[in-house]
Amino acid sequence: MAPLRAKSTGLGLILTVALGLLFCILVVPAQATPSSPSASPPADVDLICHTDDPKECYPRIFQPTDEFQVLHDDQEAPKGLHVRLNISTGKKEAKINVPDEVDSALEGLPVDRSIVVVDPQEPEEPVIPIPKGAPKYEAVGKIKEPDHPHEGSLFFEAMALLKSGKGHDGEAFDKALEGMEELSHDIFYGLKITEDPAVLKSLFCLLTDQDASSSDGFVPRDQQAAAILAGALQNNPTALKEVTKEWAKIMGFRCPRNSRPLSEGFYASFMPSDIPTGDGAKRLIGKAKSKVAAINGLLRSDTIRAEFLENGGMRNLLEVLIPEGKEWATAQRKVGQLVLDTFLDEDMGATLGQWPHSPRFSDDECRAGNGQAAEGCWDYHVERIMKANKRDSGHWSKDLHDRLRKPRACSRCHAVYYCDAACQTAAWSAVHAKECKVLRRLASQGRPALPTPVRAVMQALLKTTIGDGLAVLEGNVEAWRERSEGWRDMEMMAMGAAAFAGLGTEQETVQKAVDILCKIQTNAFHRYDADLGQVGIFLEPTLAMVNHSCIPNAMVQFVGRKAILRAETPIEAGDEIEISYTDYTFPLSKRREALSPYNFTCDIYQVCAISPNIELNRGTLAHDITKLRNPLANKHSEELASLIDSKDPTASLEQRRRDLVARYQSLWAVSPLPQILAEIPIYYAEKGNFMYALMTACFVAVNCDPYRHLAPFHPVRVKGLFLIAKLLANTAADTVTLDDSIKTMVAKGSFNQRSVQALKEIDQVSLCQMLLLMVLQQTPTGYDDEWELSVAAAEMLGDIGRLPGREQELSLIHAWKKDPNNDRSQAFFEYAVVKQIDVLASLGHDALQLEFSQQENW
């Protein structure tokens with residue numbers, strides 16, 4: 001009779017049955033006291049012995065005492081015993097039954113006639129006996145025992161040949177390897193392979209010997225060895241432990257054929273420099289798939305994975321992604337899945353932060369011969385494959401691309417995000433290892449994230465090299481102290497940073513933190529994104545030495561995590577490089593407020609009106625540079641300054657339109673009107689009215705941006721060019737359909753018809769192409785493949801370049817691109833770009849008047 005099982009309720013449960021035998025189940029291990037050892041049985045007692053050890057024998061008839069003893073299944077139990085199943089040990093126990101004995105564990109339980117009422121449970125799964133002769137292993141799967149003596153004959157023949165360590169040729173050896181590969185996937189045979197160091201060494205020697213021959217009709221031996229190892233390691237953690245245990249000896253072993261250490265062959269490339277075609281390609285692909293599968297199994301070991309990364313093994317995997325052609329799809333998918341599961345996908349057991357270690361290389365570097373398989377080229381090749389399979393939304397390359405590029409949280413604290421895996425690895429070494437524990441503790445307490453300045457001060461306190469690097473900078477402490485409205489907040493932030501760093505809040509410590517905070521606030525660049533607002537701070541001591549000027553001759557541009565110092569006008573040797581410490585397009589009052597901690601006073605209303613950099617705008621949309629000298633700033637700039645921060649990005653389209661109407665005035669380049677006007681094309685684009693979006697974007701690019709940012713390469717102006725190009729890509733697709741898109745608009749005389757007709761008369765494809773080329777011309781030298789704007793522009797140009805029937809247009813555009821300053825190129829640019837943009841900008845002006853003028857009744 002199978003014993004009843006009780007559900008655990010946090011109390012010990014004993015099931016007592018007084019029906020000849022009294023059964024008792026004890027659930028809580030803490031209440032299952034150890035059984036007292038039974039005395040040695042008398043010599044004349046009939047014993048049961050399963051081993052040769054007399055200590056393990058016990059009486060055939062159970063001999064009860066007052067204490068519980070183990071009752072074996074094959075023992076005969078006298079009637080009337082108190083029997084229980086000890087859940088702690090899983091063994092049945094018995095003792096002499098004491099009538100009316102009360103067990104305290106039954107208190108409070110529903111009992112009826114000494115039977116505890118419990119919920120019935122499903123019977124346990126039957127125990128599958130382990131095959132005779134199977135090796136000891138962890139519970140990782142079913143071990144297969146050969147059905148008959150001849151089933152594993154080829155397997156064991158291969159084992160013997162491999163174990164001998166001698167080279168073998170001929171069909172018999174290949175046939176034995178084939179038989180071994182068929183059985184290697186089974187845990188029993190996989191363990192047999194990995195438990196024998198000699199067999200492992202021979203298999204790795206075969207795997208790394210790319211020139212090893214095989215008999216006709218058989219798989220190449222290096223491929224077969226890789227498949228055997230992959231099968232043995234698949235879902236077989238015990239086999240992997242055996243390989244890990246011998247790994248150092250395996251890598252140091254010298255193969256008989258070449259007398260070189262296995263490590264040299266294992267980490268050598270298995271892809272030739274010249275990729276074959278036809279049958280040669282098929283053989284190479286088969287080898288690559290098997291070797292990637294073997295590496296995939298090996299990298300489940302922490303020890304092997306660390307050594308693999310240290311020896312540049314990822315280069316060999318990346319080389320599989322380089323060939324182009326559909327026949328490589330399966331092999332490349334195996335590589336992609338390996339990288340995802342091993343390094344980037346936590347759901348698949350990956351530990352983030354181990355790889356990659358290198359920043360992304362430029363596309364040009366990754367296209368070059370020897371640089372193709374560099375560590376920094378993973379992004380390039382994955383993106384190339386993704387573009388080739390862009391119609392397949394579920395393609396593995398998209399997931400890998402996103403995980404390589406998207407911001408990722410630290411897997412420990414989940415408080416810090418990184419732009420990519422390489423950035424995460426670099427940050428861990430640089431500083432995050434010091435702060436992670438603090439951030440993790442704050443997160444566990446449910447506290448909000450630390451303000452950026454507080455975290456920056458904490459990093460400087462925790463990492464002495466950071467604090468030492470700030471020592472040479474000026475903090476202007478007294479100037480900050482005089483700003484009484486913000487000084488108290490700075491003191492609180494400094495005190496918090498010191499406390500979170502674990503340094504206490506003594507006066508000396510807090511003062512040190514205050515000094516660091518003042519240096520950061522004085523010298524850091526605020527990393528600002530037009531769409532996201534301020535997204536961080538950037539502090540580099542050398543760059544911080546650049547002084548301020550209200551009329552600067554240089555600017556700082558951010559590309560990813562890099563800050564680029566760009567000259568806005570020719571700077572002679574010995575001249576001082578000067579930038580603006582604040583946004584010089586802001587109203588004068590706001591600039592004065594921002595400059596007060598630096599002890600600068602600015603009296604210039606509009607920088608572009610007196611800037612010496614006007615000549616930079618020849619050959620841009622601001623073709624009439626004399627207009628840039630007109631001072632537009634006046635008292636309205638100060639009156640409207642409060643509007644800069646008052647917009648609500650979460651408002652509905654209709655609410656946003658009402659806000660735009662309320663703010664609309666005709667002071668196009670006077671802050672904050674340009675910021676407001678820049679929202680209007682986005683508003684139209686989100687409504688799907690690309691014609692109005694295009695016209696208003698052209699108006700902003702001609703009448704706002706050049707007056708605010710005199711340098712044509714300023715990111716705001718370049719983004720304006722790209723926005724127009726993107727909108728042209730929509731309107732150029734089929735201008736005729738614009739008639740339908742404007743039917744929902746309120747009729748404004750013949751304005752809509754005039755707009756459609758103007759678009760029909762413009763070569764929108766050529767205009768789009770030339771604007772994209774202008775974007776690339778204004779990209780910082782050497783950053784074409786790093787600035788997201790230039791990368792997107794290059795991609796669009798590639799699509800336009802594949803359009804048929806544009807030979808004449810392309811010849812003119814290419815001539816302008818080659819020499820934009822000759823008379824013919826300037827005339828072409830004036831007609832093809834400037835004139836067309838002016839037409840659209842004029843229509844944009846009319847659209848603004850019609851849609852947003854306060855003179856209308858809205």
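- Scored by the salt bridge (Lys or Arg N to Asp or Glu O under 4.0 Å) test, Lys835 finds no partners at all (sequence neighbours excluded).
- Considering all non-hydrogen atoms of both residues, Thr696 and Ala847 come closest at CG2-CB, 4.5 Å.
- In terms of heavy atoms, Thr620 sits closest to Val834 at O-CG2, 4.0 Å.
- Evaluation of the side chain to side chain donor-acceptor pair (under 3.5 Å) rule for Gln521 yields no partner, not counting sequence neighbours.
- Considering only heavy atoms from C-beta on, Leu694 stays 4.5 Å or farther from Tyr684 through its side chain.
- Using a distance-only test at 3.5 Å, with no hydrogens or angles considered, a donor-acceptor pair links the side chain of Asn553 to the main chain of Glu578.
- Rounded to the nearest 0.5 Å, atoms OG (Ser397) and CZ (Arg333) are 12.0 Å apart.
- With 3.5 Å as the limit, one finds no donor-acceptor pair spanning the side chains of Glu830 and Gln826.
- For the ring pair (Phe, Tyr, Trp, His ring centres under 6.0 Å) test, residues two or more places apart in sequence or in another chain that qualify with Phe538 are Phe558.
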Set out, in order, the CA-CA distance, both residues' side-chain angles and the distance that settles side-chain contact (heavy atoms from CB on, under 4.5 Å) for Phe525 and Ile537, then state yes or no.
CA-CA 6 Å; Phe525 291 87; Ile537 59 176; over 6 Å; no
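- Summarising the local packing, CG of Asp819 is surrounded by more than 12 heavy atoms from other residues, nucleotides or ligands at distances under 6.0 Å.
- Closest non-hydrogen pair, Pro681 versus Ala678, comes out as CD-O, 3.4 Å.
- For residues 797-826, the pairs satisfying ring pair (Phe, Tyr, Trp, His ring centres under 6.0 Å) are Trp816-Phe829, with sequence neighbours left out.
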Could you go through Tyr380 and Arg367, starting from their C-alpha distance and side-chain angles, then the distance that decides it, and tell me whether this counts as side-chain contact (heavy atoms from CB on, under 4.5 Å)?
CA-CA 9 Å; Tyr380 169 78; Arg367 291 190 193 101; 3.2 Å; yes
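- Here His401 contributes atom NE2 and Arg384 contributes atom CZ; the two are 12.5 Å apart, rounded to the nearest 0.5 Å.
- Side-chain contact between Lys398 and Ser393 is absent, with no heavy-atom pair separated by less than 4.5 Å.
- Side-chain polar atoms of Asn389 and Asp392 form no donor-acceptor pair below 3.5 angstrom.
- The ring pair (Phe, Tyr, Trp, His ring centres under 6.0 Å) analysis of residues 752-785, with sequence neighbours excluded, yields no pairs.
- The number of heavy atoms from other shown groups lying within 6.0 Å of CG (Leu565) is above 12.
- For the pair His548 and Tyr581, the tightest heavy-atom approach, listed with the atom from each and the gap, is ND1-N, 2.9 Å.
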Atom pairs and distances, side-chain donor-acceptor, residues 798-809, under 3.5 Å, sequence neighbours left out:
from: Asp799; atom 1: OD1; to: Arg802; atom 2: NH2; distance (Å): 2.5
from: Arg802; atom 1: NH1; to: Gly798; atom 2: O; distance (Å): 3.4
from: Arg806; atom 1: NH1; to: Gln769; atom 2: OE1; distance (Å): 3.1
from: Arg806; atom 1: NH2; to: Ser766; atom 2: OG; distance (Å): 3.1
from: Arg806; atom 1: NH2; to: Gln769; atom 2: OE1; distance (Å): 2.9

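- A donor-acceptor contact closer than 3.5 angstrom links the side chains of Asn752 and Tyr692.
- For Val775 against Phe722, the heavy-atom pair with the smallest separation is CG2-N, 4.0 Å.
- The closest donor-acceptor contact from the side chain of Ser790 to the backbone of Asp784 lies under 3.5 Å.
- Here the side chains of Ile762 and Leu840 are in contact, with some heavy-atom distance below 4.5 Å.
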Let me see the working for Ile680 and Phe699 under side-chain contact (heavy atoms from CB on, under 4.5 Å), right down to the final yes or no.
CA-CA 11 Å; Ile680 294 178; Phe699 178 82; over 6 Å; no
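- In this structure, the separation between CG on Asp785 and SG on Cys366 is 8.5 Å, given to the nearest 0.5 Å.
- Under the 4.5 Å side-chain criterion, counting only non-hydrogen atoms from C-beta, Val702 is not in contact with Pro706.
- Inter-residue side-chain proximity for Ile577 and Ile571 is flagged as met; some heavy-atom pair is nearer than 4.5 Å.
- No donor-acceptor pair closer than 3.5 Å links the side chain of Arg754 to the backbone N or O of Leu843.
- Atoms NE2 and CD, from His709 and Glu568 in turn, are 10.0 Å apart once rounded to the nearest 0.5 Å.
- Remark: the backbone N or O of Asp763 is not paired with any side-chain donor or acceptor of Gln836 at under 3.5 angstrom.
- Expressed to the nearest 0.5 Å, how far CD1 of Ile385 lies from CH2 of Trp328 amounts to 11.0 Å.
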Step by step, work out the side-chain contact (heavy atoms from CB on, under 4.5 Å) result for Gln849 and Phe751.
CA-CA 12 Å; Gln849 290 292 98; Phe751 175 71; over 6 Å; no
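- Nearest approach of Leu543 to Ala563, heavy atoms of both residues: CD2-CB, 4.0 Å.
- How far CG of Asn703 is from CG of Leu677: 9.5 Å, rounded to the nearest 0.5 Å.
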